[in-house]
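The sequence lines fix the lettering, A, B, ..., with proteins before strands; numbering per chain opens at 1. Predicted model, so just to flag it, every value in this text is computed and none were measured. All heavy atoms count here, side chains included; hydrogens, waters and symmetry mates do not.
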Amino acid sequence: MVKSDRPRFWLMKTEPEVFSFDDLMAAPGKTTCWEGVRNYQARNMMRDDFKTGDMVLVYHSNANPPGVAGIARVVREAYPDPAALDPKSEYFDEKSKAEGKSRWVMVDIQAVSPARQVVSLDLLRSTKGLEAMQVLKKGQRLSIQPVTASEWGIVCKLLDLTAPHAANAKC
DNA sequence: GCCAACGTTGGC
DNA sequence: GCCAACGTTGGC
């Protein structure tokens, strides 16, 4: 078995008004498909780098406060996002329709544990060791971002997970 | 609602 | 391939 250098930790943004971590907890099997990513860089990361078992920080953007609401794991690797072909979907994509197939992909993620309290952007910003996190950078709009193992460890402590047993292996 | 930052589009 | 115009993101 060759040791891989690929990131094993990710951050995924969602607007809680659209789909919150609570919604994920309430979903069947605490699992959902992560539809609607319409940015090539983000798509490529999901398509090429996301592996089953990778861990995810679920980040609430456009929220009060914005911050990490919980952790999840990747339970299904990239497959075509059918919403791109559905004219009634807000994620419909004219070009995919013209090509006859979705040019976008999604993965499935499953909730692992909510944060006891949302770890706000402010807190992330003021925590030593997280200075290089992409989400802290001004103008960083990517909805999918790699997270280093060290950052993951630090954020997990801040999250004070309510289901520590579930995260033991990775935290 | 403002607006800075960044991605995408399309004329050339 | 340049780059201006436009659209979107997302904190504030």
Tell me the side-chain hydrogen bond (donor to acceptor under 3.5 Å, both in side chains) pairs involving residues 126-135 of chain A, sequence neighbours left out?
->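 side-chain hydrogen bond (donor to acceptor under 3.5 Å, both in side chains) check on residues 126-135 of chain A returns Gln134(A)-Gln140(A).
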For Arg38(A), enumerate each residue passing the salt bridge (Lys or Arg N to Asp or Glu O under 4.0 Å) test, keeping only those at least two apart in sequence or located in another chain.
->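 For Arg38(A) the salt bridge (Lys or Arg N to Asp or Glu O under 4.0 Å) partners, ignoring immediate neighbours, are Asp81(A).
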With sequence neighbours excluded, residues passing salt bridge (Lys or Arg N to Asp or Glu O under 4.0 Å) with Arg141(A) =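 Arg141(A) satisfies salt bridge (Lys or Arg N to Asp or Glu O under 4.0 Å) with no residue once adjacent residues are dropped.
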Donor-acceptor pair between Trp104(A) and Asp93(A) side chains, under 3.5 angstrom =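 The answer is yes; a qualifying pair exists.
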How about Arg47(A) and Tyr40(A): does a side-chain donor come under 3.5 Å of a side-chain acceptor?
->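 Checked: Arg47(A)/Tyr40(A) side chains show no N/O donor-acceptor pair below 3.5 Å.
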Under 3.5 Å, side-chain donor or acceptor atoms of residues 55-65 of chain A against the rest of the protein: list the pairs with distances, not counting sequence neighbours.
unit_1   : atom_1 : unit_2   : atom_2 : d
His60(A) : NE2    : Phe21(A) : N      : 3.0
Asn62(A) : ND2    : Glu15(A) : OE2    : 3.4

Under 4.0 Å between any heavy atoms, over every strand shown, what does Lys95(A) touch: base, sugar-phosphate, or nothing? Just pick one.
->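 Counting heavy atoms under 4.0 Å across all strands, the contact made by Lys95(A) is with sugar-phosphate only.
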Which is the 5'-most and which the 3'-most nucleotide of DNA chain C that has an atom under 4.0 Å from a heavy atom of chain A?
->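 That gives a stretch of dG7(C) to dC12(C).
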Could you list by number each residue of residues 37-46 of chain A showing a heavy-atom separation from DNA chain B of less than 4.0 Å, or answer none if no residue does?
->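 Contacts with DNA chain B under 4.0 Å: Asn39(A), Tyr40(A), Gln41(A).
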Beyond-backbone contact of Glu77(A) with Tyr79(A), side-chain heavy atoms, under 4.5 angstrom =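 Not touching, per the 4.5 Å side-chain cut-off.
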Salt bridge check: are Glu99(A) and Lys95(A) linked by an N-O gap of less than 4.0 Å?
->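 Salt bridge flag = no for Lys95(A) with Glu99(A).
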